[in-house]
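Given the structure is predicted, the values throughout are model-derived calculations rather than measurements. In what follows, chains carry the letters A, B, and so on, assigned in the order in which the sequence lines appear, proteins first and then strands, with residues in each chain numbered from 1.
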Amino acid sequence: MSYLFLQQYWWFLISLLGALLVFLMFVQGGQSLLWQLGKTEEQRRMLLLATGRKWELTFTTLVVFGGAFFAAFPLFYSTSFGGAYWVWMLLLFSFVLQAVSYEFQLKRGNLLGSSTYRWFLFANGVLAPVLVGTAVSTFFHGAEFTVNKAAIADPAAPVISAWASPWHGLEAVANPWNVCLGLAVLFLSRTLACLYFLNNIGDGTLRLNCRRRLPVESGLFLVFFLAYVWHWLTMPGFAVQPETGLIFTEPCKYLNNLLAMPAVFTLLGIGVLLVLTGLITPLLTVRHGGIWFAGSGTVLTVLAILLCAGLNNTAFYPSNADLRSSLTLANSCSGLFTMRTMAIVSLLIPFVLAYIIWAWRALESSPITPQETHSSH
Amino acid sequence: MEIDTSLVDWSRAQFALTAMYHWVFVPLTLGLGVLVAVMETLSYAKRSEFWKDTSRFWAKLFGINFAVGVATGIILEFQFGTNWSNYSWFVGDIFGAPLAIEGIVAFFMESTFLAVMFFGWNKVSRGAHLAATWLTVIGATMSAWWILVANAWMQCPVGMEFNPDTVRNEMASFAAVAFSPMAVNKFCHVVTSSWTLGSIFVVGISCLYLLLRRHTNVALASLRVAAGFGLAAALLTAMTGHKSGAIIAQLQPMKLAAAEGLAEGGTQVPLVAAGLIRPGAEEHWAAEQSGGEDPWLLRLDVPLPGALSVLATGKADGFVPGTRDILRGGYRLPDGSVALSAEEMIARGKNAIRALADYRAAKKAGDEAAMQTARTALERDFPYFGYGYLNSPADLVPPVQPTFYSFHIMVALGGYFILLFAGLLALGKRLPGLRCVQWAALLTIPLAWLASEAGWVVAEVGRQPWSIQGLLPNCAAVSSLSTGNVQTTFFLFLGLFTILLIAEVGIMVKAIADGPES
């Protein structure tokens, strides 16, 4: 396994984890729709029971996504997390609130009352997708950082990665395209949540509510997503000269990446088609399985977009403050030995996926019913 | 940007705060999880509805606790990036791997089977459910393994090489990192102490039911299981704790000296049984010369001659260095070499840092000869690299009072736990009539947390000023942030985690009041 192969392999795995994370954010979407879909207490309990069985999967994927980035591309981890401090802190706060709220919201003695915990879930449901989408967009639009590895040899100021903006990441919202992707991810998560509830909750009224909500959410998603994709395909991107490591801007870089990598282009095409199929299925038919089309389509689409961010000699984390500081797979990755070791560990991933699928199927053998809200944990 | 010491202190405070809150929940997850799994196994083996109900009751408490443990844990992982960004690059090549493996191998297992454990009672077979419960516990324990491997590596960096081209340490041996003696012993000590804590929790709550004369069958059955398991766990904790002391004596002698309040070392050094240090006496341990005001208001030694020497070296006439010996140097190290003084180590550390700068300058200029010269100098002095960031030898002495008190509280309580479990087992059927013993067991519950947290204070405060022992002090590991940013998040975490802790305790109290039959 060559060093270059391992860098690309790990970028693929991180892209896959990111894609799975975006799909699993249907949990967040469901939380943000709690009051819009659930008109009665019983309906809200069914909605929370449905997402409550999956929140840990989203949470764990986020943790593994962070851990994999740390292990494979530590310079991104140190630069982005230490610099865009407030973006990541807000995201973490919202996930802390989520983690306790499912367990605590219906328990006696929970101090804050059930509705407070549901507001926490709502906050996580809105904030997490918007922040993740905005952060991903900085892979294409850049961020305000500098990197100087030689600074470690200055005992008075040994700062390798520094952030050029005092807003520490919040300045990303000043770029409307970052916000556009954040909103696209938010409405995607709400769309996927409607599809998930349709498939997993056996209650006629709730299903009707989901069907009514679906065109609104999917319409808003398509507006923001298609606008972003058009912009993304036509914008200049950040390319790297592999021999010298020189970073430069290239017109239509991401479109060029797609054309240079037909397999990725195909993934994107199939992904978009599957998402559209998933959206249309419940609108035109009485079937409830749209989540499987839209979910797999989401994974393929996001995977293709993230692959374009890092492969084909692209700087995956461009610096707006100092172009030379931009991060590429080559200048930010771990050493050869670590990447090889981690690649061996990654062979366990199919086993992990296998037991997750088993558990998912075991718990989803029948749709959730109103009776279940009274008997469940 | 120059590093502001208040930024370092606030970043340390935030990490300490989040770690200590996290550790309120984790040991109960590890300890109670095993007991739940044992009880469910009894239910499965005996086809017993009684044990099924009993295990479900304790599992309910396990679930309440688990959620906050997960919530507080995510902050810790990401905090290495957000608040210790230099650290993340300097050692991310090694440190990131255990965290990623923890996520892939352990955390997914834990969270996936936890869902089956709680939502799967009527959806999977009893055997599959039992397997899910055990896999949840195994996942949580494996998670602890990888986190403790990462922590042990910070205390004893092994299996790596410094690469001046990338300006970071790179892994050279995965086995050396994953199976270092420090990591193996730390895992055994932490996990067995968590089993002890879980057992004390079950014993204490069971005794509460006996005091209230409610749910006595569940209480007595749970007591039998937890007291036996707890005694074994507490004995293992003591054994691994002893081993831990010996390892620290070799690898982190300053920590051991601080834990014992030992300024001037020697042979046949006694072990302090208990002591009271005069407030403001910290300078005593960093002073260059002996003498000055006695720092002890009260001090009782263990009446065994040379007990600390035996603990640290295996023989009564073994030399144990005090804090001042370590600063002065000149004593014989376990490998036979002579210890350098702190000033010499700082000077060699500065040489190493200068050599790194020279190497990079020579590389930029394309001067191969100068590169080689600088590299040779760097390799010679690299073991002292981190010392080059320190201003004075006194910086090497950790806060002695918290380390000393925490160490002695932990050891004393560990001994008490062994006696408690042995006593409960010895009393057997007489226990339901002995209300004073029941009260003692109930009141021991907070002491279990006190001992557990104290252990981490010894481990982490005792290794200051290092993020990575000898290689990177905190002042060179921190992120480039304003102090105000970190102060803000510190107080946000403090408020949030305090609210969550109060909420969890409130829910636990209600669930315990409702009892197994609710």
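Considering only heavy-atom pairs separated by less than 4.5 Å from chain B, the leading option among Thr79(A), Thr61(A), Asp154(A) is Thr61(A). With respect to chain A, the highest number of heavy-atom pairs below 4.5 Å among Val509(B), Val116(B), Val91(B) belongs to Val116(B). Highest contact tally toward chain A, considering only Val70(B), Ile507(B), Ile353(B), is held by Ile507(B) [criterion: heavy-atom pairs under 4.5 Å]. Most heavy-atom pairs under 4.5 Å with chain A: of the set Phe95(B), Trp84(B), Phe66(B), Phe493(B), this distinction falls to Phe493(B). Contact tally against chain B (heavy-atom pairs below 4.5 Å) for Phe69(A), Tyr102(A), Phe93(A): the top residue is Phe93(A). Taking chain B as the reference chain and counting heavy-atom pairs below 4.5 Å, the highest number among Gly67(A), Ser101(A), Ser78(A), Ala99(A) is found for Ser78(A). Between chain A and the options Ala100(B), Gly103(B), Gly349(B), the largest number of non-hydrogen pairs under 4.5 Å is found for Ala100(B). Residue with the most contacts toward chain A among Arg360(B), Glu102(B), Glu170(B), Gln79(B): Arg360(B) (heavy-atom pairs, distance under 4.5 Å). Counting heavy-atom pairs under 4.5 Å between each of Leu356(B), Val124(B), Ile101(B), Val505(B) and chain A puts Ile101(B) at the top. Counting heavy-atom pairs under 4.5 Å between each of Phe73(A), Phe104(A), Trp88(A) and chain B puts Phe104(A) at the top. Taking Leu57(A), Val63(A), Val345(A), Val64(A) one by one and counting their heavy-atom pairs under 4.5 Å with chain B, the maximum is reached by Val63(A).
Atom CD of residue Glu77(B) and atom OH of residue Tyr77(A) lie 4.5 Å apart, to the nearest 0.5 angstrom. The CG atom of Leu92(A) sits 5.5 Å away from the CD1 atom of Ile74(B) when rounded to the nearest 0.5 Å. With values rounded to the nearest 0.5 angstrom, Asn65(B) atom CG is found 10.0 Å from Glu103(A) atom CD. Note: Met171(B) CE to Met342(A) CE = 8.0 Å, rounded to the nearest 0.5 Å. In this structure, CG on Leu112(A) lies 6.0 Å from CD1 on Ile499(B), to the nearest 0.5 angstrom. Here Ser479(B) contributes atom OG and His168(A) contributes atom NE2; the two are 9.0 Å apart, rounded to the nearest 0.5 Å.
Contact of Trp358(A) with chain B is made through the side chain alone, with heavy-atom distances under 4.5 Å. Both the backbone and the side chain of Val486(B) come within less than 4.5 Å of a heavy atom of chain A. For Leu348(A), the part sitting under 4.5 Å from any heavy atom of chain B is the side chain, from C-beta outward, and nothing else. For Ser332(A), the part lying under 4.5 angstrom from a heavy atom of chain B is the backbone only. When heavy atoms are compared at a cutoff of 4.5 Å, Thr72(B) does not approach chain A at all. Contacts between Glu504(B) and chain A at a heavy-atom distance below 4.5 Å involve backbone atoms as well as side-chain atoms. Interface residue Thr341(A): only side-chain heavy atoms are found under 4.5 Å from chain B. Neither the backbone nor the side chain of Arg354(B) comes within contact range of chain A; no heavy atom of the residue lies under 4.5 Å from a heavy atom of that chain. With a threshold of 4.5 angstrom between heavy atoms, Val68(B) approaches chain A through its backbone and through its side chain. If you measure heavy-atom distances from Leu390(B) to chain A, you find no contacts under 4.5 Å at all. If you measure heavy-atom distances from Leu62(A) to chain B, the contacts under 4.5 Å come from both the backbone and the side chain. Proximity to chain A (any heavy atom under 4.5 Å) is restricted, for Phe113(B), to the side chain, taken from C-beta onward. Contacts of Ala172(B) with chain A are made by backbone atoms alone, with heavy-atom separations under 4.5 Å and no side-chain atom involved. If you measure heavy-atom distances from Val352(A) to chain B, the contacts under 4.5 Å come from the side chain alone. With a threshold of 4.5 angstrom between heavy atoms, Val105(B) approaches chain A through its backbone and through its side chain. Looking at Met508(B), neither its backbone nor its side chain comes within 4.5 Å of chain A, counting heavy atoms on both sides. Looking at Ile356(A), the atoms closer than 4.5 Å to chain B (heavy atoms on both sides) sit in the backbone and in the side chain alike. For chain B, the nearby part of Tyr117(A) is the side chain; its heavy atoms alone come within less than 4.5 Å.
When all heavy atoms are compared, the tightest approach of Gly388(B) to Pro155(A) is O-CB, 4.3 Å. Across Glu56(A) and Ser111(B), no two heavy atoms sit closer than the pair OE1-CB, 2.9 Å. In terms of heavy-atom proximity, Arg168(B) sits nearest to Pro74(A) at NH1-CG, 4.1 Å.
Phe95(A) places none of its side-chain heavy atoms less than 4.5 Å from the side chain of Ile75(B). Two residues are said to be in side-chain contact when any heavy atoms from C-beta on lie closer than 4.5 Å; Pro158(A) and Asn86(B) meet this criterion. Contact annotation: the side chain of Met160(B) never approaches that of Phe337(A) to less than 4.5 Å [non-hydrogen atoms, C-beta and beyond]. Under the 4.5 Å side-chain criterion, counting only non-hydrogen atoms from C-beta, Phe70(A) is not in contact with Phe78(B). Between Leu500(B) and Leu111(A) the shortest side-chain heavy-atom distance does not fall below 4.5 Å. With a 4.5 Å cut-off on side-chain heavy atoms, Trp86(A) and Asn485(B) count as touching. Side-chain atoms of Phe497(B) and Val96(A), non-hydrogen and from C-beta on, do get closer than 4.5 Å to each other.
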Test side-chain contact (heavy atoms from CB on, under 4.5 Å) applied to Trp163(A) and Leu481(B), step by step: CA-CA 8 Å; Trp163(A) 207 256; Leu481(B) 293 164; over 6 Å; no
Check the pair Phe90(B) / Lys149(A) against side-chain contact (heavy atoms from CB on, under 4.5 Å), numbers first and verdict last. CA-CA 9 Å; Phe90(B) 195 64; Lys149(A) 291 175 186 170; over 6 Å; no
Could you go step by step and tell me if Phe81(A) and Phe80(B) meet the ring pair (Phe, Tyr, Trp, His ring centres under 6.0 Å) rule? CA-CA 8 Å; Phe81(A) 284 72; Phe80(B) 285 109; over 10 Å; no
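Checked by atom type and distance alone, the side chain of Thr338(A) pairs as donor or acceptor with a backbone atom of Asp93(B) at under 3.5 Å.
The environment of CZ in Phe351(A) is sparse: at most 12 heavy-atom neighbours from other residues, nucleotides or ligands sit within 6.0 Å. The number of heavy-atom neighbours closer than 6.0 Å to CH2 of Trp167(A), taken from other residues, nucleotides and ligands shown, is 12 or below. Shown here is Lys510(B), whose NZ atom has no more than 12 heavy atoms of other residues, nucleotides or ligands within 6.0 Å.
Under 3.5 Å, the side chains of Ser85(B) and Ser161(A) contain no donor-acceptor pair of N or O atoms.
Remark: aromatic rings of Phe108(B) and Tyr355(A) are distant, center separation not under 6.0 Å.
Partner of Tyr85(A) under the side chain to side chain donor-acceptor pair (under 3.5 Å) criterion, out of Thr82(B), Thr488(B), Thr489(B): Thr489(B) alone.
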